[in-house]
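Notes follow the structure.
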Amino acid sequence: MKNTIVVGSQWGDEGKAKVIDVLAEHADVVIRFQGGANAGHTVVVGDQEFVFHLIPSAIMRPTKTCVIGNGVVLDPAQLLHEIEELEGRGFDVRGRLWLAENMQIVMPWHVQLDKLKEKAAGKNAIGTTGRGIGPAYVDKVARSGIRLVDLLDPEGLRLKVESILEEKNILFTKVYEAEALVAAPIVAQYLEYGRKLAPLVANTALLLEKAIKAGKPLLFEGAQGTILDVDHGTYPYVTSSNTIAGSACCGSGVGPTAIQSVIGVVKAYTTRVGNGPFPTELDGELGEKLRTWGGEFGATTGRPRRCGWFDAMVVRKAVRVNGITGLAITKVDVLDQLPEVQICVGYKIDGRLIEDLPVQMREFENVEPVLETMPGWMADTSKAVSWADLPNGAKRYLERLAELSGAPIAMVSVGPRRDQAIFLP
Ligand code: IMP
């Protein structure tokens, strides 16, 4: 296998975990490179279901190495919880899971600030997952973050936390009229996390270089989706990291020339959680049906996902900004019962077609999607094991999605199980 980046090509929740799980069979090392515990990856193996927020799901394959790279913002309590759950269910992670020593830590003030900001924003709230992601990235860029390596340095951590809280507590008490945070218990708690995580801390960029030199294939596991990217998404209704393929390099310390392929995961329709524009959203009965059939509820927050038709404007942009070499189209089976399906092929503003997604959100809220209608296939796709097994209607629909998106289909997924995946040459 080539060194491959897998990214979400819509607003997240495209079914990346399943695609990554299937591709991981052919990789040696799987790397998370951005985001944090805002991601929720559900993987079904046999009759067991696992939800991961931080650990690459490939950890369930006993021969694979997993890395959480420097681009991630790490909530150590959540990570330890995942490790304990995996170990409790018989999966050994020691010696196979490595954490970048220069990774940023999500601290209690980040979570508190995320929630206070959202509450204060009222109807203008972003609809975040409340995991402290935005504030943690703010502090990273402001050069006032705590890194994993700091959790291994008791005196250094105490000095940093005390100095950071001097400033944060003014914000909490004076601006938000909230309780101040106390340094000592936080320092004690995070040193305890550091002690527990110490055996997993590594220079992961070096580890990855050695893997590349040994010819071991790497698989980069993106979280969220392209249109939630802080630069290329529907700003400000985005997450606070770069979610696109280029971020895999910054977030892992691997150079771009080491990457040979980029798989863009797209759902056969569109969903979004949180606020912000969504031109193909279906508010009524049909949206409700897609939500029910597709089990469209957030893996992290349990929130119902907003559902709508496939939006080729969105995926065309994703193909461009990620350099996607192949599409993995998921959840095709969710559309099996529809007599007809629609695709958004363009956007109009004031009756005029526009070439790309508007950058100005007030314009984006007003775009009129141009919809193309195709007959449905009204047949079960979930048992198809090859392209030839798919009903003709489904094949035509998928071919049209690829044509409009500008990238070939690499894989089609017709259900949550590992074996419900069709690979195209
Ligand atoms: P945050 O990442 O918690 O700051 O949330 C910012 C926006 O990104 C909100 O609209 C969230 O619903 C969305 N978001 C964050 N993580 C995910 C994800 O894994 N899937 C889908 N949406 C997400």
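Note that ligands are numbered from 1 as they come in the structure, with each ligand's atoms numbered from 1 the same way.
Scanning the protein heavy atoms around atom 5 (O) of ligand 1, the nearest turns out to be Thr128 CA, 3.3 Å. Scanning the protein heavy atoms around atom 21 (C) of ligand 1, the nearest turns out to be Asp13 OD2, 3.1 Å. At the top of the distance list for atom 3 (O) of ligand 1, counting protein heavy atoms only, stands Thr129 OG1, 2.6 Å. Looking only at heavy atoms of the protein, atom 12 (O) of ligand 1 is closest to Arg303 NH2, 2.9 Å. Closest to atom 6 (C) of ligand 1 among all protein heavy atoms lies Val238 O, 3.3 Å.
For the residue pair Tyr190/Asp150, the side-chain donor-acceptor check at 3.5 Å is not satisfied. Ser413 and Arg418 share no donor-acceptor pair across their side chains, judged by distance under 3.5 Å alone.
Lys331 has no carboxylate O lying under 4.0 Å from a charged side-chain N of Glu14, or vice versa, which leaves the two without a salt bridge.
Listed by atom number, the atoms of ligand 1 under 4.0 Å from Gly127 heavy atoms are 9 (C), 10 (O), 11 (C), 12 (O). Taking every heavy atom of Gly274 and a limit of under 4.0 angstrom, the matching atoms of ligand 1 come to 10 (O), 12 (O). Using a 4.0 Å cut-off to heavy atoms of Val273, the atoms of ligand 1 that qualify are 10 (O), 12 (O), 21 (C), 22 (N). Residue-ligand proximity, Asn38 to ligand 1, at heavy-atom distances under 4.0 Å covers atoms 2 (O), 3 (O), 15 (C), 16 (N), 17 (C), 18 (C), 19 (O). Per-residue contacts place Trp11 under 4.0 angstrom from the following atoms of ligand 1 (heavy atoms of the residue considered): 21 (C), 22 (N).
Between the side chain of Asn322 and the backbone N or O of Ala318 there is at least one donor-acceptor pair closer than 3.5 Å. Panel note: side chain Asp114, backbone Gly132; a donor-acceptor pair is recorded below 3.5 Å.
Looking only at side-chain heavy atoms (C-beta outward), Thr204 and Ser252 stay at 4.5 Å or farther from each other. No side-chain heavy atom of Thr4 sits less than 4.5 Å from a side-chain heavy atom of Leu218. Residues Lys16 and Glu221 are not in side-chain contact: their nearest non-hydrogen atoms beyond the backbone lie 4.5 Å or more apart.
For the residues Arg272, Lys117, Gln224, the heavy atom positioned nearest atom 16 (N) of ligand 1 is part of Gln224. Summarising the contacts of atom 13 (C) of ligand 1 with Val73, Leu228, Thr239, Asp114, the nearest heavy atom is found in Leu228.
Ring-plane geometry between Phe50 and Phe91 is classed as perpendicular, the angle between the planes exceeding 60 degrees on a 0 to 90 degree scale with a lower cut at 30.
At least one heavy atom of Ala39 sits less than 4.0 Å from an atom of ligand 1.
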